[in-house]
Colleague: 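Mind having a look at this structure? Questions to follow.
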Amino acid sequence: MSQWHPQTDQLVEFAAGTCHTGMSVAISVHLHYCAQCRVALSELESTSAVLFEQQAAVPVADSAFDLLMQRIQHEPAAEPMVKPVSSRFPKALATLLPESLDELNWRQPMKNLRVSHLMTDESGMIIGLHHMKAGGRVPNHYHRGDEISVVLEGGFSDQLGSYGVGDFIVRTPSDTHSPRADAHEDCLMLSVVTAPVKLTGALGWLLNPFLKA
C-alpha cells in the first residue's frame, strides 16, 4: 500500500486533463498501485461533473454538427498501430517501453545506478527510469529542478523516509539526499525531472558530467 501520494492540486489538474505529460504519466502509474488516490480522483471527477452541469448553456449554431461531420469524413483514415504492451508495468508507462528493458539505452554513471531516458515532454520534463542495485547507494546530491519518482519494483530509503512500490515521491531544489536501495531487491523507479541531479562531495566533479541529460 502506497504511503506517499500526489497532492490534491496535482490530482485536480490530472482530473481536469491540464497537467503536462510527465506529471500525467507519473500520476497514472501511482494510481495503478494506490486505491486511496483512485477513490480521491473519482470524488474529484464527480464534483467536477456536478459543477459542469451547473454551467449555463452556450448556444451553438445549427450548422455546427454538420460542419464537424464533414471534417471527420474528409480526415484520412489513420492506420492502427499495434504495439505489444508488457503486463509487468502500468499501461501508462508500458506504452513508452520496448518489449524488454534490455532494449533501452541505459547509461551507468556509477556502479550501483543506471538510468534510461524515455522521452522529454512538451514542458521539457524528462521522463526516464532509474535502476539501483540491491543495497546500492547513490552519493549525496541535490536537484537542479523538481523531481517526481514512483517506485515500480523494490524499494529505497533516504534521509527523508522509506519508500515502496507505488509511492509518489517529490523532491525540490531545496532537498539534498542519498538514496539507498533495499538490501534484498533491486529498485526500479519511474523518474520525471526538470533537470538532472548534481552530486555533492568529492565525487561530484567527476560524475556530474555523466548525469546530464
Side-chain angles (χ1 to χ4, degrees), residues 1-49 80-106 113-134 143 146-158 160-172 179-182 184-194:
M1 178 179 177
S2 300
Q3 301 296 324
W4 301 79
H5 312 274
Q7 296 179 354
T8 300
D9 61 339
Q10 293 170 326
L11 287 178
V12 168
E13 291 184 358
F14 180 84
T18 57
C19 56
H20 56 71
T21 299
M23 178 67 78
S24 181
V25 171
I27 292 178
S28 295
V29 170
H30 173 74
L31 289 170
H32 175 85
Y33 299 106
C34 183
Q36 176 181 327
C37 285
R38 291 197 298 270
V39 171
L41 178 66
S42 178
E43 292 173 350
L44 288 170
E45 291 173 336
S46 297
T47 301
S48 298
M81 296 182 64
V82 180
K83 177 182 179 295
V85 177
S86 170
S87 60
R88 178 179 173 183
F89 302 109
K91 187 175 180 180
L93 173 60
T95 54
L96 302 178
L97 299 173
E99 292 187 53
S100 170
L101 295 187
D102 292 335
E103 298 176 40
L104 291 172
N105 180 24
W106 290 99
L113 174 71
R114 61 176 185 164
V115 297
S116 182
H117 177 188
L118 300 180
M119 67 171 288
T120 301
D121 76 4
E122 67 283 356
S123 71
M125 294 287 277
I126 302 165
I127 304 172
L129 296 179
H130 282 60
H131 176 236
M132 289 191 291
K133 290 184 178 180
H143 297 268
D146 293 331
E147 177 187 66
I148 298 167
S149 300
V150 184
V151 180
L152 302 169
E153 296 175 349
F156 76 98
S157 59
D158 62 13
L160 304 175
S162 297
Y163 319 96
V165 172
D167 278 335
F168 187 96
I169 306 119
V170 178
R171 292 287 174 263
T172 68
R180 182 186 292 274
D182 293 348
H184 63 281
E185 184 180 3
D186 287 5
C187 179
L188 182 66
M189 294 179 292
L190 167 70
S191 66
V192 181
V193 301
T194 56

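Positions are given from 1 along the sequence.
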Colleague: Are any non-hydrogen side-chain atoms of Val151 and Ile169 less than 4.5 angstrom apart?
Modeller: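 Side-chain contact under 4.5 Å: yes.
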Colleague: Is any side-chain heavy atom of His32 closer than 4.5 Å to a side-chain heavy atom of Phe89?
Modeller: no
Colleague: How far does CG of Asp182 sit from CE of Met132, to the nearest 0.5 angstrom?
Modeller: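 Rounded to the nearest 0.5 Å, the CG-CE separation comes out at 8.5 Å.
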Colleague: Side-chain contact test, heavy atoms from C-beta onward, threshold under 4.5 Å: evaluate it for Cys37 versus Pro6 and give yes or no.
Modeller: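 Sidechains of Pro6 and Cys37: in contact.
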Colleague: Can you tell me if Thr18 uses its side chain to pair, donor with acceptor, with the backbone of Glu13 under 3.5 Å?
Modeller: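 Side chain of Thr18 to backbone of Glu13: a pair is present.
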Colleague: Measure the spacing between CD of Glu147 and CD1 of Ile126 and express it to the nearest 0.5 Å.
Modeller: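 Those atoms lie 10.5 Å apart.
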Colleague: Sequence neighbours excluded, which residues qualify as salt bridge (charged side-chain N to carboxylate O under 4.0 Å, His left out) partners of Asp158?
Modeller: Arg171
Colleague: What is the minimum heavy-atom distance between Gly155 and Cys187, and which atoms define it?
Modeller: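 Nearest heavy atoms, Gly155 then Cys187: O-CB, 3.5 Å.
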Colleague: Evaluate the side-chain proximity of Leu97 to Leu118: yes if any heavy-atom separation is below 4.5 Å, no if none is.
Modeller: yes
Colleague: Could you pull out all residues at least two apart from Glu153 that satisfy salt bridge (charged side-chain N to carboxylate O under 4.0 Å, His left out)?
Modeller: Arg88
Colleague: Less than 4.5 Å apart, side chain to side chain, heavy atoms only: is that true for Met23 and Gln10?
Modeller: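 In contact.
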Colleague: Can you check whether Leu31's main-chain N or O pairs, donor with acceptor, with Arg38's side chain at less than 3.5 Å?
Modeller: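 Yes, Arg38 side chain to Leu31 backbone: donor-acceptor pair under 3.5 Å.
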Colleague: Does a side-chain heavy-atom distance below 4.5 Å link Leu11 with Ile27?
Modeller: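 A side-chain contact exists here, since the closest heavy-atom pair is under 4.5 Å.
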Colleague: Would a distance-only check, ignoring hydrogens and angles, find a side-chain to backbone donor-acceptor pair under 3.5 Å from Ser24 to His20?
Modeller: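 Looks like no, no N/O pair under 3.5 Å.
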Colleague: Assess whether atom CG of Asn105 is packed by more than 12 heavy atoms of other residues, nucleotides or ligands within 6.0 Å.
Modeller: no
Colleague: Can you confirm whether His131 sits close enough to Leu129 that some side-chain heavy atom of one is under 4.5 Å from a side-chain heavy atom of the other?
Modeller: no
Colleague: Under the ring pair (Phe, Tyr, Trp, His ring centres under 6.0 Å) rule, collect the residues that match up with Phe156, sequence neighbours excluded.
Modeller: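 Scan of Phe156 (ring pair (Phe, Tyr, Trp, His ring centres under 6.0 Å), adjacent residues dropped) gives Tyr163.
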Colleague: Between Thr21 and Glu122, do the side chains contain a donor N or O and an acceptor N or O under 3.5 Å apart?
Modeller: yes
Colleague: To the nearest 0.5 Å, what is the distance between SG (Cys19) and CE (Met125)?
Modeller: 10.5 Å
Colleague: Taking Trp4 for the side chain and Gly164 for the main chain, is one N or O donor matched with an acceptor at less than 3.5 Å?
Modeller: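 The answer is no, because no donor-acceptor pair under 3.5 Å joins these two groups.
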Colleague: On a heavy-atom basis, which atom in His30 and which in Asp167 lie closest, and how many Å separate them?
Modeller: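 His30 and Asp167 have their closest heavy atoms at ND1-C, 4.4 Å.
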Colleague: I'd like to know if the side chain of Asp121 reaches the main chain of Gly22, judged simply by a donor and an acceptor atom lying under 3.5 Å from each other, with no hydrogens or angles considered.
Modeller: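 The answer is yes, because a donor-acceptor pair under 3.5 Å joins these two groups.
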Colleague: Mind checking whether Ile127 and Leu190 have side chains closer than 4.5 Å, heavy atoms only?
Modeller: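 Yes - at least one pair of side-chain heavy atoms lies under 4.5 Å apart.
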